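As a basis for the values below, the full set of heavy atoms in this structure was taken, side chains included, without hydrogen atoms, waters or symmetry mates. What you see is a predicted model, and the numbers here were worked out from it, not measured in a lab. Along the sequence shown, the residues carry numbers beginning at 1.
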Amino acid sequence: MTIRSRRETITFKHPFRLRGVERVLPAGPYEVVTDEEMIEGLSFASWRRVATMMTVPAEGSRGGVMEMLSIGSVDLADAMASDASVAND
């Protein structure tokens with residue numbers, strides 16, 4: 001099984017919430033890592049997402065300590081859409 005990871009930085013302009021995270025996260029840039037596995041047996045390369053993780057400030061941390069949380073890709077998309085709609089209000 002072949003697995004690849006993609007990294008991207010997304011920026012929230014407003015404080016936001018993610019389902020499964022019990023606190024409000026501050027506005028700013030966040031690194032998102034998506035792991036995908038190759039679907040075997042096809043005549044072309046195809047990948048399926050198996051995990052999405054996001055690096056966030058650790059709860060109660062003031063010194064730049066970060067933690068990586070496993071999140072749902074749909075929950076991330078919802079938070080990004082909500083952030084964009086706040087910017088358009």
Atom CZ of Arg4 with >12 non-hydrogen neighbours under 6.0 angstrom: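 Above 12, so yes.
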
For Glu22, is the CD atom crowded, meaning more than 12 foreign heavy atoms sit under 6.0 Å from it?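 It does not: Glu22 CD has 12 such atoms or fewer within range.
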
Closest heavy-atom pair and its distance - [X], [Y]:
X     : Y     : result
Leu25 : Tyr30 : CB-OH, 3.7 Å
Thr52 : Ser73 : OG1-CB, 3.8 Å
Pro26 : Phe16 : O-CE2, 3.6 Å
Glu67 : Ala58 : OE2-CA, 3.5 Å

Flag, side chain of Asp75 to backbone of Leu18, donor-acceptor distance under 3.5 Å: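 Such a contact is absent between Asp75 side chain and Leu18 backbone.
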
Under a 4.5 Å side-chain heavy-atom rule over Ile, Leu, Val, Met, Phe, Trp and Tyr, are [X] and [Y] clustered together?
X     : Y     : result
Met68 : Ile71 : no
Val33 : Met54 : no
Val21 : Met80 : yes
Ile39 : Phe44 : yes

Can you confirm whether Arg23 sits close enough to Val56 that some side-chain heavy atom of one is under 4.5 Å from a side-chain heavy atom of the other?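 A side-chain contact exists here, since the closest heavy-atom pair is under 4.5 Å.
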
Are Met66 and Pro57 packed together at the side-chain level, in the sense that at least one heavy-atom pair is separated by less than 4.5 angstrom?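 Met66 vs Pro57: side chains touch.
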
How long is the gap from [atom1] on [X] to [atom2] on [Y], to the nearest 0.5 Å?
X     : Y     : atom1 : atom2 : value
Ile10 : Glu31 : CD1   : CD    : 10.5 Å
Leu76 : Arg19 : CG    : CZ    : 12.5 Å
Trp47 : Ile3  : CH2   : CD1   : 9.0 Å
Arg17 : Ser82 : CZ    : OG    : 11.5 Å

Can you list everything that forms a side chain to side chain donor-acceptor pair (under 3.5 Å) with Ser5? Sequence neighbours excluded, please.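 With neighbours one apart ignored, the set is Asp35.
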
For Thr55, what residues pass the side chain to side chain donor-acceptor pair (under 3.5 Å) criterion, not counting sequence neighbours?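 Counting only residues at least two positions away or on another chain, Thr55 forms no side chain to side chain donor-acceptor pair (under 3.5 Å).
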
Given Glu36, which of Arg6, Arg48, Arg49 fulfils the salt bridge (Lys or Arg N to Asp or Glu O under 4.0 Å) condition?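 Considering Arg6, Arg48, Arg49, a salt bridge (Lys or Arg N to Asp or Glu O under 4.0 Å) with Glu36 is found only for Arg6.
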
